[in-house]
Amino acid sequence: MSLEGTGDEVAGRAGDVIGRIARAVAVAGGALMLATAVMVVVSVVSRWLFKSGVKGDFEMVQIATAVAVFAFLPLCQWRRGNVFVDTFTLRAPAWFNRSLDTLWDLVYAGFAALIAWRLALGAFDAISSRTSSMVLALPTGWAILATAVMAAFLAVVAAVTAIRRYRSAS
Amino acid sequence: MSGAIVAVIGFAGMLVLLALRMPIGLAMLTAGSIGYTWFTSLPIFMNYMKTTPYHLFANYTFSVIPLFILMGALAEKSGLSTALFRAAAAFLGHLRGGLGMALIGACTGFGAICGSSVATTATFARATLPEFERYKYDSGFAGGMVAVGGTLGILIPPSVILVVYAITTEQNIAKLFMAALIPGLLATVFYCIVIAIMARLNPAAAPALERVPWPQRMREVVGVWPVMLIAITVVGGIYGGVFTPTEGAGVGCVAMMVVGVVQRTLGWEEIKASIIQTAETSAMIFIILLGAEVFNAFLALSHLPDTAAQLVTQSGLPPYGVIVGLLIFYIILGGVMDELAMILLTLPIFFPIVTALDLGMPADDIAIWFGILVLMVVGIGLTAPPIGLNVFVVSAIARHVPIVSIYKGVIPFVLADVIRLALVVAFPALALWLVNWLT
C-alpha cells in the first residue's frame, strides 16, 4: 500500500511540474501577445506621425499569433477548459462518463502528437528551403518548429490528464 | 456513394461523438480528418496536416481574438464592472427598477470593451448581485437581469462571435461591428423598458434607492471616463478606418494597461491573471477553429454546401420563410449546444443558402445583415431555457438562488429579444443603415 502511495505521490508531483510548465508556457505566450500589442501601437502612432507604420508589422503579428495560440493550448487542456456537451450524459453513471473523458483525452493526445510530427516535418522543409517572410525575411521554419514543440508538449499534457482521470475513476 | 451522403454520415458521426462528451473542437477534428481522408487519401491528409495547423493560426485577422479577449480580461481584473455599475447607479438608482437599469447601462459600457458574454456575465454577477441583495431586489429577477445583461458583452461591438462570423464567411469585421451597434443599443433600451414594466407590476421586487446628489455623481463618473474613452477610441477608430480591428484591439490592450497601472487598479497579479484567462479562453476558441477548419475542408470536398444551396433556391420556398426557418433552427440548437461551435458548424452550409436567396438586397448586405441576426439568436440561446450558458454562470456564482427562479427572471427579457429579432428581420435597415452611412 505504501508503495502505491508513493507512486501516486510521484505521479502527482510530476503532474504538478507539468501543470506549472503549462502555466509558464501560456504566460510566455500571453507576454508575446502583449508585446505584439505594443508593436501594433508603435506602428499606428508612427503611421500617424510619419505616414509609415512599423516595417513588416503584419507578418510579425501573424507569426506571434500562431506561436502564442500553440502556447495557450496545453494550459487549456490542463485546466479542462475545452467545451463539451454534457446534456445527453447527465444521467449516465459516473464511471461511464469518466471512462469516456479518459478516452477523449487519449484521442486528443494522439492528434496533438500527429500534429507535432507533421509540423516538425513542415518546419524542417521550411528550414532547409530557407523559406522566409515577405518583408523582414524572418525564417518561418523556426516559428513552425516552435509550434511543433508546443504541440508535442500538448500531447504529453493530454496523456497525463488521461492518466489522472483514469486513476480518479478506479 | 455520393458526396452529400458521406457528408451527412460524417455530420451524424460527429454529433454522436458530441453527445458522448467529446470536446467540440476534437469532435470536429476527428470527424473532419476521417472524412477528408475518405475523399482524398492518407498521404494527402498527412500533407495537409503538415502546414494547416500553423498557417491557419498565422493569420492577421485571427490575432484580433486573443487581443480583444486580453483587453476584456484586463478591464475585468481592473474592477471596471464595479466602477461602471456604481457610476450608473448614482444616476439611475432612485428610479423604480433603477438599480437594474444601472446594471444594463454598465453592461452596455462594459460590452464596448469586452467581446465575450460569459466574461461579462461572470464579472457582473460577482460585482452586482451582493448589491441587489443589499437593496432587497428579488433574487431571481436580479439573476435574470445579470444573465441578460451579460449578452450585451457580445451584442455591443467588439464581439468575438462577430469576428468568428467574419472569418468563416470572409466578411469585413469593421462593417459587422458597425451593423451591430444599433441593434445592440436597441437591446439596452428594450431591457430597460422591460425592467421599468416589471418594477411597476411588482414594486417590491425592485425598490428605488435614495437620490444621489450631483457632486457625488460626478465623482463616480471621473473614475470611469478614461476607460470609456478607450472604448470609444477603439470602436470609433475601427469604424473610421483609422486602424484595422487587430490594431484597434492592440491599442485597447495597451491603453487599458496604462490606465490600470496609473489608476492603481492593475498590479502584476491582476495582469498575470488576465493573461492566464486570455490563454485559456483563446485556446478553447482556437481548438474549435482548428476542428472547424478540417471539418469544413471535408464538407467542401463533399460539395454538400453547394448541393444544399441549390436545393433550397430551386425549391420555391419563400426567401423570408427560409430566413425565419433558419433562425428558429438556431434558437432550438442554441438551447442544447455551445453557440460558437453551432455557428462554426452550420455557417458553411447555411451561408451559401442565405446569400443565394432573392431578398431584393445585394448579397453583401445580406451577408452583414444575416451576421447580426445570427448574433442576436446566439444572445437568445445564451439566456433562454432549457440551457442558457449565462444563466448557468449566474447560478454558479449565486449558489443560494434556485436556477428555476433565474429562468423566470429571464423570460420577459427573452420575449423582448424575440421582438427585437423580428424588428431587425423586418427592417434590415436597422443593421445596414449605419454601415451604408459610414462606408
Side-chain angles (χ1 to χ4, degrees), chain A residues 23 26-27 29-31 33-34 36-41 43-44 47-48 57-59 61-77 79 81-89 97 100-101 103-104 107-108 111 114-115 118-119 121-123 125 140 143-144 147-148 151, chain B residues 17-27 29-30 33 46-51 53-60 62-63 65-67 70-71 237 242-243 246-247 249-255 257 271-272 274-276 278-284 286-288 336-338 340-341 386-387:
Chain A
R23 217 178 133 87
V27 171
M33 234 39 242
L34 258 179
T36 308
V38 172
M39 188 275 293
V40 161
V41 172
S43 184
V44 169
R47 197 171 60 209
W48 185 50
D57 56 342
F58 263 62
E59 55 197 46
V61 169
Q62 286 174 340
I63 294 172
T65 308
V67 173
V69 166
F70 274 92
F72 294 160
L73 295 177
L75 182 73
C76 186
Q77 169 63 17
R79 300 190 18 163
N82 288 311
V83 261
F84 65 98
V85 179
D86 64 352
T87 323
F88 304 99
T89 43
N97 285 345
L100 281 179
D101 293 343
L103 180 62
W104 302 149
V107 172
Y108 194 32
F111 263 108
L114 174 79
I115 289 171
R118 302 313 302 175
L119 278 177
L121 289 182
D125 283 358
T140 324
I144 304 180
T147 60
Chain B
L17 291 176
L18 280 185
L20 289 173
R21 301 166 65 91
M22 192 186 241
I24 291 164
L26 188 59
L29 187 60
T30 307
S33 301
M46 285 299 180
N47 207 33
Y48 171 74
M49 290 307 274
K50 213 157 124 182
T51 50
Y54 176 80
H55 287 290
L56 176 69
F57 296 144
N59 179 317
Y60 186 79
F62 275 22
S63 64
I65 294 175
L67 288 175
L70 181 58
M71 178 167 115
V242 179
F243 37 63
T246 296
E247 288 169 346
V251 169
C253 282
V254 173
M257 287 258 293
I271 293 172
K272 214 166 73 182
S274 311
I275 289 179
I276 294 279
T278 305
E280 208 173 324
T281 312
S282 309
M284 176 202 93
F286 277 105
I287 203 72
I288 296 177
V336 290
M337 208 176 158
D338 176 72
L340 182 69
I387 297 172

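The sequence lines fix the lettering, A, B, ..., with proteins before strands; numbering per chain opens at 1.
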Looking only at heavy atoms and a cut-off of under 4.5 Å, which of [options] has the most pairs with chain B?
options: A/F88, A/F58, A/F70; result: A/F58
options: A/L121, A/D57, A/L119; result: A/L119
options: A/C76, A/A71, A/A64; result: A/C76
options: A/V67, A/D101, A/T140; result: A/D101

Testing the basics here: between [X] and [Y], what is the closest heavy-atom pair and its distance to 0.1 Å?
X: B/G250; Y: A/V41; result: O-CG2, 3.8 Å
X: B/I287; Y: A/N82; result: CG2-OD1, 3.3 Å
X: A/A26; Y: B/A279; result: CB-CB, 3.9 Å
X: A/R23; Y: A/R79; result: NH1-NH1, 3.8 Å
X: A/V40; Y: B/E247; result: CG1-CA, 3.3 Å

Does any part of the side chain of [Y], heavy atoms only, come nearer than 4.5 Å to the side chain of [X], both counted from C-beta?
X: A/I63; Y: B/Y54; answer: yes
X: B/F57; Y: B/F286; answer: yes
X: A/S43; Y: B/F243; answer: no
X: B/M22; Y: A/L103; answer: no

Can you tell which part of [X] gets under 4.5 Å to a heavy atom of chain B, answering side chain, backbone, both or neither?
X: A/V27; answer: both
X: A/V44; answer: side chain
X: A/F111; answer: side chain
X: A/L114; answer: side chain
X: A/A151; answer: neither
X: A/L100; answer: side chain
X: A/D125; answer: side chain

What residue in [options] has the most heavy-atom pairs under 4.5 Å with chain A?
options: B/I276, B/N47, B/I271, B/L56; answer: B/I276
options: B/A19, B/C253, B/A27, B/G252; answer: B/A19
options: B/K272, B/H55, B/M49, B/M71; answer: B/M49
options: B/L340, B/T278, B/L29; answer: B/L29
options: B/T30, B/I65, B/L17; answer: B/T30

Where does [X] contact chain A at under 4.5 Å (heavy atoms): side chain, backbone, both or neither?
X: B/M257; value: side chain
X: B/S274; value: neither
X: B/L26; value: side chain
X: B/L70; value: side chain
X: B/I288; value: side chain

Do side-chain atoms of A/W48 reach the backbone of B/V242 as a donor and acceptor pair under 3.5 angstrom?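 Not confirmed, A/W48 side chain does not pair with B/V242 backbone.
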Without swapping roles, check the side chain of B/T246 against the backbone of B/Y60 for a donor-acceptor pair under 3.5 Å.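 The answer is yes, because a donor-acceptor pair under 3.5 Å joins these two groups.
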Criterion side chain to side chain contact (heavy atoms under 4.5 Å, CB included) on A/L73 and A/Q77, from CA distance to verdict: CA-CA 6 Å; A/L73 295 177; A/Q77 169 63 17; over 6 Å; no
Interatomic distance, B/F62 atom CZ to B/L67 atom CG [nearest 0.5 angstrom]: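 If I round to the nearest 0.5 Å, the distance is 13.5 Å.
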